[in-house]
Amino acid sequence: MVDIQISDITLKYDDFVAVDNISFNIKDAELVTILGPSGCGKTTLLRSIAGFIRPSSGNLFIGGNDVTHLPPQKRNTAMIFQNYALWPHMTINKNIEYGLRIKGMPKEERMRKVREMLDMVQLADQGIKMPTQLSGGQQQRIALARALAVDPQVLLCDEPLSNLDANLRIELRQEIRDIAKNLGVTTVYVTHDQSEALSISDRIVVLHSGVIRQIGPPESIFNDPDDLFISQFIGDSNSLKATVTKSSPGSTVVEFGSGESLTLPVANPPAKGSIVTVVTRPNETPLTKESFDHSVKVKVEYATFMGDFTRVLVTMKGGKRLVVREDKRVASEFDVGDQYFLTFTPTKTHIFHEGIRMR
Ligand SMILES: Nc1ncnc2c1ncn2[C@@H]1O[C@H](COP(=O)(O)OP(=O)(O)O)[C@@H](O)[C@H]1O
Ligand SMILES: [Mg+2]
C-alpha cells in the first residue's frame with residue numbers, strides 16, 4: 001500500500017507562499033491530477049512530494065511513513081518532466097539502466113529489466129540509439145521507461161506532454177494512464193490542460209493560487225463545479241450577470257436586466273436582490289424557432305464553422321452575449337440578425353453568488 005497523505009502543507013519561496021496549507025489524500029494505485037493555470041503552484045507541490053522542496057509547515061506521508069524530512073533518494077518516487085531530461089551522452093539502454101546500476105542490480109538482471117521497459121513503451125528496437133535520434137514522443141516514452149525501471153512506489157509527472165503536438169498528446173496520455181494502471185503505481189500527474197486531466201484522472205485536484213478549489217472525479221468537476229473559477233476554467237462556458245428576483249427554494253427566479261428571467265431549481269438560493277452569475281455550457285442551450293419553458297429571445301451575430309460543430313454567437317435583449325454549440329447545423333443556416341429562442345437546461349445551469357455555487 002502506498003497511499004500519499006498531504007497534511008496541512010505550506011510551501012514558500014522566501015516570504016512568497018506558493019502552496020497555502022493544503023491537505024488531501026491519494027489512494028494506493030490511484031492516478032490523481034493536479035490541474036490549474038500556470039503559476040498556481042503545481043510544480044512546487046509535485047517537487048515537494050519528490051523531496052526537492054521542504055514544506056515550511058505540514059507533513060507528507062508515503063505508504064504511511066512520514067517522509068517530510070527524508071531526502072529525495074530515500075523516497076522511492078520517480079519523475080518525468082516536460083523536457084524529457086534524458087542524458088544526451090548516453091544511449092537509450094544506458095539511460096534506462098542508470099538507476100538500476102546505482103541500485104547495484106547485477107548486469108544480466110539489468111539487461112532484462114531494460115528490455116522489459118523498452119517493450120512496455122513499444123520501443124524495443126531503439127535501445128542502442130542516442131536520445132537525439134528519437135522524436136519527442138519517443139523520448140518521453142523512454143523517460144517514462146527510465147522512471148519506472150527502478151520500480152518506484154510513486155510516479156510523478158510534471159506536464160510531460162506539453163512539448164508534443166495535439167494528436168500525439170492524446171495518444172500518449174492514454175498510454176501513460178494504461179501503463180500506470182497496469183503497474184499499479186500511485187501516480188500524481190500535473191497539467192494545466194483540462195482535457196488531459198478530464199480524460200486520464202481517477203480524481204482531479206483543482207489548484208488556484210496555491211489553494212485547492214475542488215477535488216473529485218472528472219465528471220463531478222466538469223458537471224458539478226463548486227465555484228465560479230472552476231466552471232469557467234474547465235470546459236467552455238457562458239457567464240451571465242443576473243439579479244435574484246424571487247428567492248424561493250426549488251424555484252428561484254433570476255432576471256437578466258432585459259426583462260427576461262429564468263426559473264432555476266436552487267435549493268438554497270441567495271437573498272432577493274443578490275447579484276449572481278449564471279453559468280451554462282454552449283452545448284446545453286439549443287436554438288429553436290419556437291419558444292419553450294426556459295427560453296429567451298436571441299439574435300444571431302455570426303456563426304463560425306469549427307469542423308466538428310458550428311459555433312453561433314447570439315445576443316439577448318439588452319446585449320448579453322452567449323456562445324452556442326450546434327452539432328447538427330452548418331454555419332450557413334444562420335444569418336446575421338436571425339431571431340431564435342435559446343432554451344436553458346435548468347439542471348445544467350448553475351448560479352454563483354460571490355464566486356460560490358448556490359445549490
Ligand atoms: N524558485 C522559485 N523562487 C521563487 N518563486 C518561485 C520559484 N519557483 C516558482 N516560484 C513561484 O511560485 C509560484 C508557483 O510556481 P509553480 O509551482 O512553478 O507553478 P506551476 O507549476 O503551477 O506553473 C509562481 O508564482 C512562481 O512564480
Ligand atoms: Mg509547472
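Keep in mind that the numbers below use all heavy atoms, side chains included, and drop hydrogens, waters and symmetry copies. Counting starts at 1 for both ligands and their atoms, in listed order. The residues of the chain are indexed from 1 along the displayed sequence.
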* Any N or O of A18 closer than 3.5 Å to N or O of ligand 1 ->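 Min N/O separation from ligand 1 is not below 3.5 Å for A18.
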* Asked: With only distance considered, is C40 within less than 3.5 Å of ligand 1 through an N or O on each side?
  ->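 Yes, since at least one N or O of C40 sits under 3.5 Å from an N or O of ligand 1.
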* To do: Please determine if D158 and R47 form a salt bridge, counting it only when a charged side-chain N lies under 4.0 Å from a carboxylate O.
  => no
To which protein heavy atom is [atom] closest, and what is the distance rounded to 0.1 Å?
atom: atom 18 (O) of ligand 1; answer: T43 CB, 3.7 Å
atom: atom 24 (C) of ligand 1; answer: G39 O, 3.6 Å
atom: atom 16 (P) of ligand 1; answer: T44 OG1, 3.6 Å
atom: atom 19 (O) of ligand 1; answer: G41 N, 3.3 Å
atom: atom 10 (N) of ligand 1; answer: Y13 CE1, 3.3 Å

* Verify atom 2 (C) of ligand 1: protein non-hydrogen atom under 4.0 angstrom away ->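 Flag for atom 2 (C) of ligand 1 set to true, protein heavy atom closer than 4.0 Å.
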* Asked: Looking at atom 27 (O) of ligand 1, is any protein heavy atom nearer than 4.0 Å to it?
  ->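 Under the 4.0 Å cut-off, atom 27 (O) of ligand 1 has no protein heavy-atom neighbours at all.
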* Using non-hydrogen atoms of the residue, decide whether G36 is closer than 4.0 angstrom to ligand 1. =>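 It does not; every heavy atom stays at 4.0 Å or beyond.
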Between [X] and [Y], does the ring centre distance come in under 6.0 Å?
X: F81; Y: F52; result: no
X: F229; Y: H208; result: yes
X: F334; Y: Y302; result: no

* Asked: From the Mg ion (ligand 2) out to just under 2.8 Å, does an N/O/S atom of S38 turn up?
  -> no
* Just by distance, do the side chain of K289 and the backbone of Q339 share a donor-acceptor pair under 3.5 Å? -> yes
* Asked: Take atom CZ in F61; do more than 12 heavy atoms of anything else shown fall under 6.0 Å from it?
  -> yes
* Asked: Would the number of heavy atoms belonging to other residues, nucleotides or ligands and lying under 6.0 Å from CD1 of I102 be above 12?
  -> yes
* To do: Using a 4.5 Å cut-off on heavy atoms from C-beta on, say whether the side chain of E196 contacts that of R169.
  => yes
